[in-house]
Amino acid sequence: QVQLVESGGGLVQAGGSLRLSCGASGSMFSRMGMCWYRQAPGKQRELVARISTSGSNIDYADSVKGRFTISRDNAKNTVYLQMNSLKLEDTAVYYCAAPWAQPRYWGQGTQVSVSS
């Protein structure tokens, strides 16, 4: 069984940065690629970034390429999303999910709000 808990969200001005963390319980973390999704009000949930078990394979949504960085620390059962140069359109609830191909485990979400 896997339980995911996100943290690090908050209110930030456009151009600022936030670092999201997702801690995972259970022994399967190191065997699962991890994902970050986000959902804005009235919008579809979208994949933001995903990372393979070793961290060697990484994908980003076009909208965040060059600004966001996904990483993981398997020893700590944690996946991170470093978000730089934040834009108003990045405002959403961000969710950690696993595994990366067809997620079946989801965190509760953490709110990221970007203001002008």
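Among all heavy-atom pairs drawn from L18 and G8, the shortest one is CD2-O, 3.8 Å. Counting all heavy atoms, side chain and backbone alike, S85 lies closest to D90 at O-OD2, 4.4 Å. What you find for L86 and R67 is that their closest heavy atoms are CA-NH1, 3.9 Å.
For the atom pair S17 OG and F68 CZ, the distance stands at 9.5 Å (nearest 0.5 Å). Atom OG1 of T69 sits about 11.0 Å away from atom CE of M83, to the nearest 0.5 Å. Atom CD1 of residue I70 and atom CE of residue M34 lie 8.0 Å apart, to the nearest 0.5 angstrom. Between the CE atom in M32 and the CZ atom in R72 there is a gap of 7.5 Å [rounded to 0.5 Å]. Put simply, CG on L81 and OH on Y60 are 7.5 Å apart, with the number rounded to the nearest 0.5 Å. We find the OG-CG distance between S27 and N77 to be 8.5 Å, quoted to the nearest 0.5 Å.
When the options T53, I51, L47, D59 are evaluated for a side-chain contact (heavy atoms from CB on, under 4.5 Å) with W100, the one that passes is D59.
The backbone N or O of G109 lies less than 3.5 Å from a partner atom in the side chain of E6, making a donor-acceptor pair. For the pair N74 (side chain) and F29 (backbone), a donor-acceptor distance under 3.5 Å is absent. The closest donor-acceptor contact from the side chain of T78 to the backbone of K76 lies under 3.5 Å.
Considering only heavy atoms from C-beta on, P103 stays 4.5 Å or farther from Y95 through its side chain. With contacts defined as side-chain heavy-atom distances shorter than 4.5 Å, the pair Q111/T91 qualifies. You'll find the side chain of S63 reaches within 4.5 Å of the side chain of R38, heavy atoms only. Considering only heavy atoms from C-beta on, R45 comes within 4.5 Å of W106 through its side chain.
Transitive grouping of hydrophobic side chains (ILVMFWY, heavy atoms separated by less than 4.5 Å) keeps Y105 and Y37 in distinct clusters. Tracing side-chain contacts under 4.5 Å through hydrophobic residues (I, L, V, M, F, W, Y), one reaches V64 starting from L88; they form part of the same cluster. Both V12 and V48 are members of a single hydrophobic cluster when ILVMFWY side chains are connected at heavy-atom separations under 4.5 Å. Both I58 and L20 are assigned to one and the same hydrophobic cluster, defined by single-linkage of ILVMFWY side chains at heavy-atom distances under 4.5 Å.
Disulfide check for C35/C96 fails, with the SG atoms at least 2.5 Å apart.
For Q102, the CD atom counts as loosely surrounded, since its 6.0 Å shell holds 12 or fewer non-hydrogen atoms of other residues, nucleotides or ligands.
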- Please step through salt bridge (Lys or Arg N to Asp or Glu O under 4.0 Å) for the pair D62 and K65, ending with a clear verdict. CA-CA 5 Å; D62 288 341; K65 286 181 179 177; 3.1 Å; yes

